Structure formats: C-alpha cells, structure tokens
Number of protein chains: 2
Amino acid sequence: MKKLRLRCEIGEPEEEALRAALIGPIDFPAETVVVRRGERLNSSILLLDGLLARYKDLSDGQRQITHIHVPGDFADLHGYTLGYLDHNVMTLTPCRLARAPHVRVLELTNRFPSLTRAFWFSTNLDASIHREWEVSLGRRNAIERAAHLLCELQSRLLVVGAAEGNSFRLPITQNQFAECLGLTGVHVNRVLRELREAGLADFRGGKVTVHDRGALEGLAEFDALYLYLDKPAN
Amino acid sequence: MKKLRLRCEIGEPEEEALRAALIGPIDFPAETVVVRRGERLNSSILLLDGLLARYKDLSDGQRQITHIHVPGDFADLHGYTLGYLDHNVMTLTPCRLARAPHVRVLELTNRFPSLTRAFWFSTNLDASIHREWEVSLGRRNAIERAAHLLCELQSRLLVVGAAEGNSFRLPITQNQFAECLGLTGVHVNRVLRELREAGLADFRGGKVTVHDRGALEGLAEFDALYLYLDKPAN
DNA sequence: CGTGGAATTGACTTACATCAATTTGGGTGG
DNA sequence: CCACCCAAATTGATGTAAGTCAATTCCACG
C-alpha cells in the first residue's frame with residue numbers, strides 16, 4: 001500500500017494507526033459499482049488510485065454524477081454516520097481501493113479525537129464541492145460549467161500530486177463528463193471544441209492540458225475558496 | 001427559548017447541555033445576511049423559527065440558493081470544522097436564531113461523544129440534500145424541480161412539526177423559489193400554475209397546499225430515502 | 001484489416017430565458 | 001374606510017442555448 005494521502009493534515013501516529021486499520025488494497029476494473037444506494041455499510045472506501053463517481057440514476061435512463069473522487073479521498077465516509085448511502089458509487093477508471101471497517105474507524109476516533117475532526121472536515125469539504133456544483137448546474141452555461149469542472153479537477157489533482165505542470169490525466173468519456181455537468185455528450189463535445197479553439201484548455205484522449213488557467217478561471221468565475229486548500233484541519 | 005428540535009434524536013442530558021450552551025434567542029428581520037462567505041466563524045447558528053437560505057452570488061447578479069434551512073436545523077455547523085464558509089447565509093423570512101459558540105461545541109463533544117456523532121450526521125444530511133438538488137438542477141425539468149422541492153419541504157417541515165395536514169406556510173417569493181431551482185421567476189410562475197391546474201399542489205400567498213402528494217412525488221420522482229428519516233443518529 | 005465504442009458534425013426541435021406590459025393584493029396614510 | 005402605492009405575480013411575444021436525431025469519422029485493440 002504505497003499511497004495514503006488524506007486531504008487533511010494529520011499527525012504521524014494518527015496516520016500510522018489509520019493505515020493499520022485499512023483492509024486491502026483491492027483493485028476494481030472501470031465501470032464497476034462499488035457501493036449501492038440503500039445497502040447497509042460497515043466499512044468505508046479510501047480511494048488510492050483512479051477515479052470514482054457518486055451518482056444517481058433517473059427512471060428514464062438519465063444519470064447525474066454528483067461528485068468525482070480523486071486519489072486520497074474517502075469516498076463514502078459519510079456512510080459511517082448515515083448507515084447507508086442515498087446514491088451509488090462506481091469506478092470511472094480502474095481503481096485501487098482500501099476499506100476502513102467502521103468498527104475500526106470508531107476505535108480510531110476514540111483513540112485520536114483529532115481524527116474525528118479530520119474525518120468530519122473531509123465530509124464537509126465534499127459538501128462544499130456539492131454546493132459549487134449546484135451553482136454550476138443551476139446558473140452557469142455549458143462552457144462555463146465545463147471550464148469550472150476542469151479548474152476544480154486540476155486544483156484537486158495538484159493537491160494530491162496526480163497532476164503536474166499544466167496537464168493531467170482524465171481518462172473518462174465525454175458522456176461521463178456530461179453526466180457531471182447536467183448536459184448531453186453531444187453538447188459537451190461542442191463546448192470542449194470551443195475551449196480548445198479559444199486556446200483555454202484541451203481535453204482529448206483522456207488527458208487535459210490547460211493552456212490558459214487564468215482565462216479558464218475567468219470564464220468559469222472559478223474561486224478556489226470552496227476547496228479550503230488553506231485548511232489542513234486537525 | 002421554547003423550541004429546540006434537532007433532526008437527530010439525542011438523550012435528555014445531551015439536549016440539556018446543548019441548550020445550556022446556546023446564546024440567544026436573537027431575532028432577525030427577513031432578507032438579512034447572517035453569515036458572510038469567508039468570514040472567520042467562532043459560533044454556529046441554530047435556527048429556531050423561520051427560514052434561512054445558503055446561497056452564492058455570481059458577478060452578473062444571478063444567485064443560486066444551495067440549501068433552505070427549516071426550524072431545528074443547525075445552519076452553519078459545517079463552519080465548525082471548516083473555519084469559514086464558502087457561501088453566505090441569509091434569512092428568507094423573519095427568523096429567531098440561537099448561537100452555539102464553537103468553544104462550547106468543543107466542550108460538549110468532549111463531554112458527550114454521541115453529540116459529535118449527531119452533529120456530524122447533521123452535516124452529512126445537509127450534504128445528502130445538496131446531492132438531491134444537484135440531480136434536480138442537472139437532470140429534472142422545470143415542473144419536476146418545483147414538484148420535487150415542494151415534496152422535500154413538506155417532508156422536512158412535517159418532521160419538525162412546522163407543517164400539518166396537507167399544507168404548510170412557505171412565505172418566500174417566487175423569485176426566491178426560482179433561485180433554488182436554477183430557473184427564472186417568470187418560468188417558475190408558469191410552472192406553479194401548471195401544478196395548480198393539474199390539481200397537484202397550490203403555492204400561493206406564502207402557503208403551499210398539496211392536493212395530491214402521490215402524483216406530486218410521481219412527477220418529481222421523489223424518494224425520501226435521501227432525507228434519512230428512519231435514521232435518528234446517535 | 002476489421003470492429004465497436006467513442007467522438008464528431010449537421011439539421012432541426014424545444015424548453016426555458018428574456019423583454020415588456022399589465023394585474024393583483026396587502027399595507028398604509030389621508 | 002377608502003384610495004393609493006409598490007412589490008410581487010401574471011401574461012404574452014419573441015429569442016436562444018442546449019437537446020434530439022441521425023449520420024459519419026476516428027481510433028484503439030484484437
């Protein structure tokens with residue numbers, strides 16, 4: 001188990017104890033449902049490598065992805081207090097996961113109150129990202145939404161060392177990207193071409209290259225405050 | 001301080017201690033900003049009466065409301081771990097609030113670990129509601145969004161005893177309702193007329209009457225699972 | 001090479017936005 | 001008690017961003 005990157009700064013002993021509490025790693029192929037809506041949970045998933053999506057399906061076959069997880073994220077830690085999830089979780093790419101049994105999470109938090117704080121912070125950060133997505137879905141147009149999500153993903157991947165320079169791997173389909181943005185794949189395709197032709201960003205072949213981050217942020221009205229990057233909670 | 005209705009079941013001593021930790025009540029008129037994005041927080045707000053909104057403004061004057069709080073909600077408990085908020089909080093109606101200083105929240109959670117669990121659950125429930133709003137904003141059409149939000153508000157208000165029978169007070173403007181739904185006030189007006197003429201629900205004069213809850217839920221594809229009503233976390 | 005999923009493009013449709021008047025209704029002062 | 005006032009609600013006419021449908025074209029992989 002090489003990587004273990006929590007978004008929150010925690011002490012050495014805490015990290016050691018957390019690492020010891022984990023089961024795995026376990027590998028999953030792409031497009032695999034790893035947590036099903038409504039099923040009782042007794043462990044939570046730490047994403048070590050790959051991309052995970054939380055999503056909900058509608059009866060007519062439409063799907064809304066409500067969150068994308070990057071390596072280092074606890075994907076369903078909220079399930080620890082909720083007992084079950086209101087949504088599904090699936091792999092977007094091949095993923096390497098570790099499981100944290102809830103009984104061990106309980107032990108950990110009893111032993112290290114600061115870990116409770118870090119875990120709670122982590123779920124609150126997810127909620128903040130949900131809010132920003134609500135703003136995109138409710139008020140931004142297609143190109144702004146796409147630009148905003150690219151900014152967010154670049155920022156979050158940089159933090160965990162999964163992006164370097166001005167590019168990062170994003171091996172998902174345009175349709176999956178569209179399912180994040182509340183758009184159709186066809187329209188996302190046109191909008192990505194616009195971004196490319198405007199010299200802002202290029203998302204092709206599972207890879208994103210940001211040519212003008214400033215302009216991309218300007219277009220999207222991106223403000224990283226909601227990512228709480230200054231806040232290594234402890 | 002008459003009312004104190006947490007969404008989570010907690011024991012007598014915990015409730016007593018929490019009540020003792022509160023400052024207030026304090027009354028605010030409608031349309032008042034009570035927490036500003038980015039400002040450092042040292043207390044969190046418990047909503048005793050009225051309706052609060054979390055929202056974000058865009059530079060062109062558009063606004064997206066990301067959450068509506070009903071009485072009994074801790075409006076910005078997430079600020080306890082985050083340190084500051086990524087959004088503003090304002091009163092939609094005249095409100096009665098109480099403040100829980102974070103130092104006292106810390107004392108409380110040290111004394112009663114079960115309260116930590118209840119508080120954490122409460123913020124996770126807010127996040128779940130955010131996700132459902134993402135689905136509405138991303139994938140449901142105007143009438144479905146309106147129907148869905150009316151179902152949600154009725155459910156949540158029933159839980160805290162702020163609705164009875166098939167109607168409840170919702171003293172907000174159509175524009176504010178539209179700001180929740182990612183629509184314009186004009187279009188919300190047309191959609192509310194549709195709901196009325198179809199005999200499903202009537203939202204007029206600050207009051208909602210649900211004439212056919214079943215049909216309203218069917219239209220919206222409403223499923224209360226995401227409200228975790230069976231889960232009085234403790 | 002061939003094959004199937006993903007990306008791309010064009011033609012056309014539609015849901016919601018925008019703009020611009022009215023109309024309504026609750027509160028208030030004469 | 002009534003008339004006025006103003007914000008909110010309502011309605012109609014028109015514009016447009018994004019959806020839908022239907023072909024291609026592009027690749028990665030066997």
Side-chain angles (χ1 to χ4, degrees), chain A residues 29-31 51 58 60-65 92-94 136-150 169-198 201-209 219-220, chain B residues 29-31 51 58 60-65 92-94 136-150 169-198 201-209 219-220:
Chain A
E31 305 269 342
L51 294 174
L58 296 187
D60 63 353
Q62 288 192 99
R63 169 175 296 183
Q64 179 64 41
I65 293 177
L92 291 174
T93 69
S136 275
L137 292 165
R139 294 297 177 201
R140 288 193 251 260
N141 67 26
I143 196 168
E144 292 164 353
R145 286 183 216 181
H148 199 281
L149 184 51
L150 291 178
R169 276 174 39 79
L170 187 64
I172 68 177
T173 67
Q174 290 183 3
N175 269 318
Q176 291 170 331
F177 198 64
E179 285 171 345
C180 298
L181 301 178
L183 300 169
T184 59
V186 171
H187 198 62
V188 158
N189 180 277
R190 297 190 227 269
V191 149
L192 289 177
R193 179 161 51 72
E194 267 194 81
L195 286 177
R196 191 181 315 127
E197 288 173 354
D202 192 332
F203 173 21
R204 252 186 313 183
K207 189 184 164 195
V208 177
T209 306
L219 172 62
Chain B
E31 303 269 341
L51 295 173
L58 297 186
D60 63 353
Q62 290 191 99
R63 169 175 297 181
Q64 179 65 41
I65 293 177
L92 291 173
T93 69
S136 275
L137 291 165
R139 293 298 175 201
R140 288 194 251 258
N141 67 25
I143 197 168
E144 292 164 354
R145 286 184 216 180
H148 198 281
L149 184 51
L150 291 179
R169 276 174 38 80
L170 187 65
I172 68 177
T173 68
Q174 290 183 2
N175 270 317
Q176 291 170 329
F177 198 64
E179 285 171 345
C180 298
L181 300 178
L183 300 168
T184 60
V186 171
H187 199 62
V188 159
N189 181 278
R190 297 190 226 267
V191 149
L192 289 177
R193 179 161 51 73
E194 267 193 82
L195 286 177
R196 191 181 314 127
E197 289 174 354
D202 191 332
F203 173 19
R204 254 187 310 182
K207 188 184 164 195
V208 177
T209 306
L219 173 62

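Quick caveat: nothing in here was measured; it's all calculated off a predicted structure. We name chains A, B, ... by the order of the sequence lines, and we start the count at 1 in each one.
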When the distance from [atom1] of [X] to [atom2] of [N] is rounded to whole Å, what number comes out?
{"X": "A:Glu31", "N": "C:dG5", "atom1": "CD", "atom2": "P", "answer": "12 Å"}
{"X": "A:Ile143", "N": "D:dA18", "atom1": "CD1", "atom2": "P", "answer": "9 Å"}
{"X": "A:Glu194", "N": "C:dT8", "atom1": "CD", "atom2": "P", "answer": "14 Å"}
{"X": "B:Glu144", "N": "C:dA15", "atom1": "CD", "atom2": "C1'", "answer": "12 Å"}
{"X": "B:Arg139", "N": "D:dA18", "atom1": "CZ", "atom2": "P", "answer": "13 Å"}
{"X": "A:Asp60", "N": "D:dT20", "atom1": "CG", "atom2": "C1'", "answer": "14 Å"}
{"X": "B:Leu192", "N": "D:dA8", "atom1": "CG", "atom2": "P", "answer": "16 Å"}
{"X": "A:Leu195", "N": "C:dT8", "atom1": "CG", "atom2": "P", "answer": "13 Å"}

Determine the contact category for A:Arg190: base if any of its heavy atoms lies under 4.0 Å from a base atom, sugar-phosphate if only primed atoms, P, OP1 or OP2 are that close, otherwise nothing.
-> base
Hey, does B:Asn189 reach any base, or is it just sugar-phosphate, or nothing, if we go heavy atoms under 4.0 Å?
->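 Counting heavy atoms under 4.0 Å across all strands, the contact made by B:Asn189 includes a base.
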Closest-nucleotide ordering on DNA chain C, the 5'-leading residue of A:Arg193 and B:Val186 =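 It is A:Arg193, whose closest nucleotide lies nearer the 5' terminus.
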For the pair [X] (side chain) and [Y] (backbone), establish whether a donor and an acceptor sit closer than 3.5 Å, ignoring hydrogens and angles.
{"X": "A:Arg169", "Y": "A:Gly206", "result": "no"}
{"X": "A:Arg139", "Y": "B:Gln64", "result": "no"}
{"X": "B:Arg196", "Y": "B:Asp202", "result": "no"}
{"X": "A:Arg145", "Y": "A:Arg140", "result": "yes"}

Decide side chain to side chain contact (heavy atoms under 4.5 Å, CB included) for B:Leu149 and B:Cys180; before the verdict, give the C-alpha distance in whole Å, the side-chain angles of both, and the deciding distance to 0.1 Å.
-> CA-CA 9 Å; B:Leu149 184 51; B:Cys180 298; 3.7 Å; yes
Nearest-neighbour nucleotide for the B:His187 side chain, C:dC16, D:dT10, C:dT8 considered | C:dC16
Angle between terminal axes - the helix from C:dC1-D:dG30 to C:dG30-D:dC1, 5 pairs each end, rounded to 10° | 30°
Go through residues 174-183 of chain B and report each residue with a non-hydrogen atom lying under 4.0 Å from DNA chain C, sorted by number.
-> B:Gly182, B:Leu183
Note: A:Glu197-A:Arg193 ion pair, threshold 4.0 Å (strictly below) |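 Looking at A:Glu197 and A:Arg193, the cut-off is met.
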Option among A:Val188, A:Leu192, A:Leu195 that satisfies the side chain to side chain contact (heavy atoms under 4.5 Å, CB included) test with A:Ile143 = A:Leu195
Taking for each residue the nucleotide of DNA chain D with the nearest heavy atom, is it B:Gly185 or A:Gln62 whose nucleotide lies nearer the 5' end?
-> B:Gly185
Any B:Thr184 side-chain nitrogen or oxygen under 4.0 Å from OP1 or OP2 of C:dA17 = yes
Go through the side-chain N and O atoms of A:Glu179 and A:Gln174 and say whether any donor and acceptor fall under 3.5 Å apart.
->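 No pair is found: no donor N or O on one side chain lies under 3.5 Å from an acceptor on the other.
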So which heavy atom on A:Glu144 is nearest to which on A:Ala220, and how close?
-> O-CB, 3.7 Å
